[in-house]
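Each remark here refers to the structure printed beneath this line.
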2 protein chains.
Amino acid sequence: MRLSTKGQYGLRAVLDLADRFGQGPVPLNTVAEREEISEHYLEQLMSQLRKAGIVTSMRGAQGGYQLSRNPEEITVAEVIDVLEGPMVPVDCLASDGGCRRSSVCAAQSLWKRLAEAMNEVLGSTTLADLVEENHRLRSQNGDIMYYI
Amino acid sequence: MRLSTKGQYGLRAVLDLADRFGQGPVPLNTVAEREEISEHYLEQLMSQLRKAGIVTSMRGAQGGYQLSRNPEEITVAEVIDVLEGPMVPVDCLASDGGCRRSSVCAAQSLWKRLAEAMNEVLGSTTLADLVEENHRLRSQNGDIMYYI
DNA sequence: TTTAATCCCAACTGTTTCACTCGGGATTCA
DNA sequence: TGAATCCCGAGTGAAACAGTTGGGATTAAA
């Protein structure tokens with residue numbers, strides 16, 4: 001039950017944009033470098049995020065990507081939903097049809113509770129929250145980043 | 001971010017055993033039929049559960065599987081852990097090493113909170129809880145099961 | 001007006017995981 | 001002895017994963 005790299009990379013990328021929100025578009029290659037993600041692969045993820053209205057893009061020189069809204073207005077749940085699909089542990093919760101045993105399936109009620117717990121965390125955390133957390137962590141480390 | 005069928009089938013199977021706890025071993029094929037799971041595939045899952053000490057097996061005629069402990073003493077978290085590995089959304093939480101950015105990674109602290117929320121649900125639910133829920137659901141439906 | 005920087009798009013690819021199936025062998029009860 | 005059961009390892013087709021490749025379109029700056 002792991003997130004794929006899509007969700008992980010995608011979140012890191014929008015966090016990178018959130019950290020620079022209001023400073024104009026950020027080209028993809030600088031995000032890719034800072035976050036150590038394959039540029040072409042990240043491009044595919046950003047394309048999905050753009051179609052979902054989370055980021056906007058500008059082509060040409062001096063172009064790049066930026067968040068389409070304030071970081072306070074974008075939840076992690078939104079981002080993950082775009083890249084990973086609905087955050088539910090089993091398919092029968094995602095599709096409306098569900099399975100035919102659902103009325104008598106104790107397992108399903110458990111999965112439902114699990115989904116609620118997950119969405120509580122992801123839906124209540126915004127990009128701004130994480131940027132703030134990031135600054136807190138950085139200042140604790142005296143702004144020294146040991147990794148390259 | 002879905003559970004594989006291993007976790008889903010495995011939970012259904014042990015729930016089936018929990019429902020018949022104390023009535024002697026249940027042969028694999030009856031569990032497989034009731035739960036509509038490929039017998040040979042389920043065999044592999046039961047083998048893992050046996051090695052993990054969740055079920056015990058008896059060979060030969062009149063043999064089968066049964067829970068090794070009371071249903072009240074087995075949590076869903078245990079079962080899922082055996083079949084799906086640690087319930088954490090990203091690898092860097094599962095391996096002790098972690099990633100080298102962890103000291104300054106806001107995403108990681110989010111994933112940690114998510115893992116805690118998930119384990120809170122799964123770790124506090126026992127097989128007995130779900131069996132009880134099952135009986136409740138069945139009585140609501142007047143014990144009529146429309147599915148085949 | 002060219003050129004470099006950038007985004008946009010579709011197709012291809014090697015690896016891994018999934019969800020099984022197949023074909024046996026070992027035990028135990030009747 | 002024979003049927004019922006568990007035990008085990010190997011094989012398999014399909015899908016997803018995590019990219020790579022190779023172009024094209026748009027825009028700002030020289």
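For clarity, every value in this text was computed on a predicted model and none was experimentally measured. Quick note on labels: first sequence line is chain A, next is B, and so on, each numbered from 1.
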Using atom OH of Y65(B) as one end and atom P of dA4(D) as the other, report the distance to the nearest whole Å. 17 Å

Presence of salt bridge, D16(A) and R12(A), under 4.0 angstrom: no

Contacting residues from residues 37-63 of chain B, given that a heavy atom lies under 4.0 angstrom of DNA chain C: S38(B), H40(B), Y41(B), Q44(B), R59(B), G60(B), A61(B), Q62(B)

Gap between atoms CD and P, on E36(B) and dA19(C) respectively (whole Å): 17 Å

Evaluate side chain to side chain contact (heavy atoms under 4.5 Å, CB included) for Y65(B) paired with L28(B), printing each intermediate quantity in order. CA-CA 7 Å; Y65(B) 291 92; L28(B) 187 70; 3.9 Å; yes

Distance-only check: which donor-acceptor pairs under 3.5 Å involve side-chain atoms of residues 53-64 of chain B, not counting sequence neighbours?
none

Indicate yes or no: does R136(B) engage E133(B) in a salt bridge with an N to O separation below 4.0 Å. yes

Looking at D19(B) and R138(B), does any basic side-chain N land under 4.0 Å from a carboxylate oxygen? yes

Given T30(B) and R20(B), is the side chain to side chain contact (heavy atoms under 4.5 Å, CB included) satisfied, shown in steps? CA-CA 12 Å; T30(B) 73; R20(B) 287 158 184 83; over 6 Å; no

Taking DNA chain D as the partner, which of residues 8-30 of chain B come within under 4.0 angstrom of it by heavy atom? V26(B), P27(B), L28(B)

Could you check how far CG of L3(A) sits from C1' of dC17(D), rounded to whole Å? 13 Å

Phosphate oxygens OP1/OP2 of dC17(D): is one of them under 4.0 Å from a side-chain N or O of K6(A)? yes

Send over the distance from D91(A) CG to dC18(C) P, rounded to a whole Å. 14 Å

Check: I37(B) and L45(B) side chains under 4.5 Å, non-hydrogen atoms: no

Compare every heavy atom of L42(A) with every heavy atom of A13(A), then report the nearest pair and how far apart it is. CB-CD1, 3.8 Å

